[in-house]
Protein chains: 2
Amino acid sequence: MQIKIANASQQRYICIMQSSDERFERFCADIKTVGLRMTEQRKVILRVLADASDHPDANELYHRAHAIDGNVSLSTVYRTLRLLEEKGAIQRHAFDEGRARFENADTEHHDHLIDIDTNKVIEFRSEKIEQLQAEIAAELGYDIVRHKLELYCRKRN
Amino acid sequence: MQIKIANASQQRYICIMQSSDERFERFCADIKTVGLRMTEQRKVILRVLADASDHPDANELYHRAHAIDGNVSLSTVYRTLRLLEEKGAIQRHAFDEGRARFENADTEHHDHLIDIDTNKVIEFRSEKIEQLQAEIAAELGYDIVRHKLELYCRKRN
DNA sequence: ATGCTAATGCGAACTATTTGCATTTGTCAA
DNA sequence: TTGACAAATGCAAATAGTTCGCATTAGCAT
């Protein structure tokens, strides 16, 4: 377990993240505890997911997994993604291009800045914004179940 | 042209919106000024869009338009939506269900609160949040081109 | 080892959207 | 007012991303 604090001067981007191995172990545990089976292909997919520090889509994950073990099929990737999403182990994002992209869910909640020229994703977090959101929802009579803040940006200069 | 100020105590939700007729006229003008043709089906679709105060998807718009004039096809609805989106006359949203939903773009920018039980969409705006977003992007070396804030909520009690 | 059932691969189905093409229809100039 | 030409349409087929049905394979508890 490692703790990473960046940009501390701005009370933002405070992540508590596990190592890729810890993540893998947790994925495996998640699978086992519900009585599901640990298959070869699941092992490979979980490994790939645990190692991913970017926001790959299903197809990209399929290619990474398939490169390691040719017995991994796209269907199984999709099935595994859905499984882990339902368990809350990974998060699904629908950025502006149609397909879904995934990321590990072991970090604290954060928002995304997407570079519209390179598709690079930068994560950030602002306590103030989080708080304002909650206030607004409360005022309208709602509780926030989940939320999404995406800044589509272009590099300065 | 009407000006609507709600929730003024919270400096939020300040919309300058046109009437449905004004909107329709503007859509027509948008089409004409670029040398495009005003067809029967476009007239119907523009009318439906101008009248919509909700966030309908393409299929819903097709049904509303088709009910008025059976000569309107789904393809044409899609083509018209794309046309108006490119002109900036309407806005496309990708809320969490796969399909896209549209809304008139003549209001000032606002964010969305989505009731996850009813799919109802409430619009809001917070100056403070807008400002914080710009600060964060700037600090990371970016300019915001567009952004998206969606609160997926459940009614209290 | 054995058997039961979950998990897999494959291809077909599905949903949302776009596109190719033959036909229709605005529009503008004569 | 008419004619001609390009733009717009409807339809069906194509596409992209994702899910599903089903026969087969393979975990895993006994």
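Chain letters run A, B, ... following the sequence lines, proteins first, then strands; residues in each count from 1.
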Starting at atom [atom1] of [X], determine the distance to atom [atom2] of [N], rounded to an integer number of angstrom.
{"X": "A/Arg92", "N": "D/dT18", "atom1": "CZ", "atom2": "P", "value": "7 Å"}
{"X": "A/Asn59", "N": "D/dT19", "atom1": "CG", "atom2": "P", "value": "14 Å"}
{"X": "B/Arg82", "N": "D/dT9", "atom1": "CZ", "atom2": "C1'", "value": "15 Å"}
{"X": "B/Leu61", "N": "C/dT17", "atom1": "CG", "atom2": "C1'", "value": "14 Å"}
{"X": "A/His63", "N": "D/dG17", "atom1": "NE2", "atom2": "P", "value": "11 Å"}
{"X": "B/Ile31", "N": "D/dA7", "atom1": "CD1", "atom2": "P", "value": "14 Å"}
{"X": "B/Tyr62", "N": "D/dC11", "atom1": "OH", "atom2": "C1'", "value": "11 Å"}
{"X": "B/Arg101", "N": "C/dT17", "atom1": "CZ", "atom2": "P", "value": "12 Å"}

Applying salt bridge (charged side-chain N to carboxylate O under 4.0 Å, His left out), name anything that partners [X], two or more places apart in sequence or on another chain.
{"X": "B/Glu25", "result": "none"}
{"X": "A/Arg92", "result": "A/Glu85"}
{"X": "B/Asp111", "result": "none"}
{"X": "A/Arg37", "result": "none"}

> Taking the nucleotide of DNA chain D with the closest heavy atom to each, which residue, B/Val72 or A/Asp57, is nearer the 5' end?
Replying inline: B/Val72
Considering only nitrogen or oxygen atoms on both sides, find all protein atoms under 3.5 Å from nucleotides 11-13 of chain C and state each distance.
unit_1: C/dG11; atom_1: O6; unit_2: A/Ser75; atom_2: OG; d: 3.2

> With sequence neighbours excluded, what pairs up with B/Asn157 under the side-chain contact (heavy atoms from CB on, under 4.5 Å) test?
Replying inline: none
> Which pairs count as ring-ring contact (aromatic ring centres under 6.0 Å, His included) when at least one residue sits in residues 125-152 of chain A, sequence neighbours excluded?
Replying inline: A/His109-A/His147
>> Considering only residues two or more places apart or on different chains, which pairs with a residue in residues 70-93 of chain A satisfy ring-ring contact (aromatic ring centres under 6.0 Å, His included)?
In response: A/His93-A/Phe95, A/His93-A/His112
Just distance, no hydrogens or angles: give the donor-acceptor pairs under 3.5 Å from side chains in residues 47-54 of chain A, sequence neighbours left out.
unit_1: A/Arg47; atom_1: NH1; unit_2: A/Asp21; atom_2: OD1; d: 3.3
unit_1: A/Arg47; atom_1: NH2; unit_2: A/Ser20; atom_2: OG; d: 2.9
unit_1: A/Arg47; atom_1: NH2; unit_2: A/Asp21; atom_2: OD1; d: 2.7
unit_1: A/Arg47; atom_1: NH2; unit_2: A/Asp51; atom_2: OD1; d: 3.2
unit_1: A/Asp51; atom_1: OD1; unit_2: A/Ser20; atom_2: OG; d: 2.5
unit_1: A/Asp54; atom_1: OD1; unit_2: A/Arg64; atom_2: NH1; d: 3.3
unit_1: A/Asp54; atom_1: OD2; unit_2: A/Arg64; atom_2: NH2; d: 2.6

>> On the nucleotide C/dT18, are OP1 or OP2 found under 4.0 Å from the side-chain N or O atoms that B/Tyr78 carries?
In response: no
>> Heavy atoms within less than 4.0 Å of DNA chain C: which residues of residues 35-51 of chain B have one? Give them sorted by number.
In response: B/Arg37, B/Met38
> From the list D/dT18, C/dT17, C/dT27, which nucleotide is the closest neighbour of the side chain of A/Leu74?
Replying inline: D/dT18
> So, A/Glu60 versus A/His55: side-chain donor-acceptor pair below 3.5 Å or not?
Replying inline: no
>> Strictly distance-based, threshold 3.5 Å: is any side-chain N or O of B/Thr76 a donor or acceptor partner for the main-chain N or O of B/Val72?
In response: no
> Which residue pairs pass the salt bridge (Lys or Arg N to Asp or Glu O under 4.0 Å) test with at least one member in residues 65-79 of chain A, sequence neighbours excluded?
Replying inline: none
Please list each protein N or O that sits under 3.5 Å from an N or O in nucleotides 22-24 of chain D, with the distance.
none

